[in-house]
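The structure appears below as structure tokens.
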Number of protein chains: 2
Amino acid sequence: MTSTERSATPPRKTRQRAEIRSAVEALDGFATSQDIHDRMRHDGSAVGLATVYRTLAAMATAGELDAIRTPDGQVAYRTCSPGHHHHLVCRTCGRTEEITLPGLEAMVRTIASDHGFGELDHELEFFGICGSCSRP
Amino acid sequence: MTSTERSATPPRKTRQRAEIRSAVEALDGFATSQDIHDRMRHDGSAVGLATVYRTLAAMATAGELDAIRTPDGQVAYRTCSPGHHHHLVCRTCGRTEEITLPGLEAMVRTIASDHGFGELDHELEFFGICGSCSRP
DNA sequence: TTCTAAATGAGAATGATTCCCATGACGTCC
DNA sequence: GGACGTCATGGGAATCATTCTCATTTAGAA
């Protein structure tokens, strides 16, 4: 009842959902629901905070956005290319690069099954300092 | 002023700190500060919740414990062997296996430097369902 | 247009974590 | 062993992200 769920009813098209979508697409890096809500408000768009939370979470579940958890525990979203990949996020400016780690998935699946584990899930994101931020 | 900090003053030995340490060492898998506080209270040990939070965080910073963030955002701690490694955590029972991913670190460092990123840090933990929990 | 279920929004509620600060207890110097 | 300066403690308030509640609005089907 979690991932086997087929999109029973497609989400309705609302003004709010469209505005949230374009706000997220205008981002460079990851942003939290609050960040996006602030930005939208700043840009004159009036959408409730709860709606931003709900919509972003739904979009992430639907695979339209990537969600990561920042080191301090907040959830951040970002549009990204399809296919499995990870992120290299700058701790200072938030700039994000998508990276792929060929072979990692298979390696992990093997190790996990050696330990009897199944239904694996993982979140692997790297946080560092990008080139522009490390130059004094 | 974060990692360059030398242990200026060694922490004092207190009853609370000792009790917290043994409570953590008695664990099988990861547990949150609240879990540990509950367990201690159940075992007749009276230590303030704030103290448990402070002490576990300090122990993790000192490298005496491993801290991970669970999928729902809480911080969990566990004693573990020295050296860099990752964890395979059962979503159902919390059982934890330590795993190493030889080559991953080097691979990531290479990719990161290709992108101009430095001072890398990462948290890579796997959550799955262990053998005993997946058998009906 | 009409109707119904889904979506929205404002604020309350929740829950983990941290802060505040008066009190208590290590460790040190005598 | 005793006095003292500090760091540690604890309990409750405060914070902060996130979720819930529920009355109201609205998309989309009939």
Side-chain angles (χ1 to χ4, degrees), chain A residues 2 5-24 30-62 64-65 67-78 94 123, chain B residues 2 5-24 30-62 64-65 67-78 94 123:
Chain A
T2 31
E5 197 87 39
R6 290 289 158 187
S7 56
T9 312
R12 292 182 178 179
K13 292 180 182 177
T14 65
R15 169 184 65 82
Q16 292 86 341
R17 195 168 284 254
E19 292 183 357
I20 291 170
R21 181 181 306 270
S22 50
V24 181
F30 280 92
T32 66
S33 299
Q34 309 237 21
D35 290 339
I36 293 169
H37 179 253
D38 288 348
R39 183 193 187 109
M40 291 178 70
R41 169 153 300 188
H42 176 268
D43 292 352
S45 170
V47 174
L49 180 58
T51 300
V52 174
Y53 269 94
R54 274 186 299 236
T55 305
L56 291 173
M59 289 174 73
T61 301
E64 299 173 48
L65 292 181
I68 65 174
R69 201 170 275 282
T70 64
D72 65 321
Q74 294 178 238
V75 177
Y77 300 93
R78 178 173 184 268
E123 278 177 41
Chain B
T2 30
E5 198 85 40
R6 290 288 157 187
S7 57
T9 313
R12 291 183 179 176
K13 292 180 182 176
T14 65
R15 170 185 65 83
Q16 292 86 340
R17 195 168 284 253
E19 292 184 358
I20 291 170
R21 182 181 305 270
S22 50
V24 181
F30 280 91
T32 65
S33 299
Q34 309 235 22
D35 290 340
I36 292 168
H37 179 254
D38 289 347
R39 184 195 186 106
M40 291 178 71
R41 168 153 300 188
H42 176 268
D43 293 351
S45 170
V47 174
L49 180 59
T51 301
V52 175
Y53 269 96
R54 271 185 302 236
T55 304
L56 291 174
M59 290 175 72
T61 300
E64 299 174 47
L65 293 180
I68 65 172
R69 200 170 276 282
T70 63
D72 65 323
Q74 293 179 239
V75 177
Y77 300 93
R78 177 172 186 268
E123 276 178 42

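What you are looking at is a predicted structure, and each value in this text was computed from that prediction instead of being measured. Numbers restart at 1 for each chain; the letters A, B, ... are given by sequence-line order, proteins then strands.
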Rounded at 0.5 Å granularity, tell me how far [atom1] in [X] sits from [atom2] in [Y].
{"X": "A:Thr55", "Y": "A:Gln16", "atom1": "OG1", "atom2": "CD", "result": "8.0 Å"}
{"X": "A:Tyr53", "Y": "A:Thr32", "atom1": "OH", "atom2": "OG1", "result": "6.5 Å"}
{"X": "A:Met59", "Y": "A:Arg17", "atom1": "CE", "atom2": "CZ", "result": "8.0 Å"}
{"X": "B:Arg41", "Y": "B:Ile36", "atom1": "CZ", "atom2": "CD1", "result": "14.5 Å"}

Counting only pairs under 3.5 Å, give me each side-chain donor-acceptor contact of residues 42-52 of chain B, with atom names and distances, residues two or more places apart or in other chains.
from	atom 1	to	atom 2	distance (Å)
B:Ser45	OG	B:Glu19	OE1	2.3
B:Thr51	OG1	B:Arg54	NH2	3.3

Other residues, nucleotides, ligands: >12 heavy atoms within 6.0 Å of B:Arg15 CZ: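 Counting other residues, nucleotides and ligands, CZ of B:Arg15 exceeds 12 neighbours.
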Describe the nucleic acid contact of B:Ala46 in one word from base, sugar-phosphate, nothing, applying a heavy-atom distance below 4.0 Å.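 Sugar-phosphate, backbone atoms only, no base.
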I need the residues from residues 11-20 of chain B with at least one non-hydrogen atom less than 4.0 Å from DNA chain C; give them sorted by number, or say none. B:Arg12, B:Lys13
Any protein N or O atoms within reach of nucleotides 1-3 of chain C? Criterion: under 3.5 Å, listing atom names and distances.
none

Protein-to-nucleotide contact annotation, 5' to 3' order, nucleotides 11-18 of chain C [B base; S sugar-phosphate only; - none; under 4.0 Å, heavy atom]: -----SBB
Are A:Asp35 and A:Arg39 packed together at the side-chain level, in the sense that at least one heavy-atom pair is separated by less than 4.5 angstrom? no
So which heavy atom on A:Arg21 is nearest to which on A:Glu64, and how close? NH1-OE1, 2.7 Å
Heavy-atom pair with the smallest gap, counting every atom of A:Thr70 and B:Arg69: O-NE, 4.3 Å
Looking at DNA chain D, which of residues 36-45 of chain B put a heavy atom within less than 4.0 Å of it? none
Name all residues meeting the ring pair (Phe, Tyr, Trp, His ring centres under 6.0 Å) criterion together with B:Tyr77; count only those two or more places apart in sequence or in a different chain, and write none if there are none. none
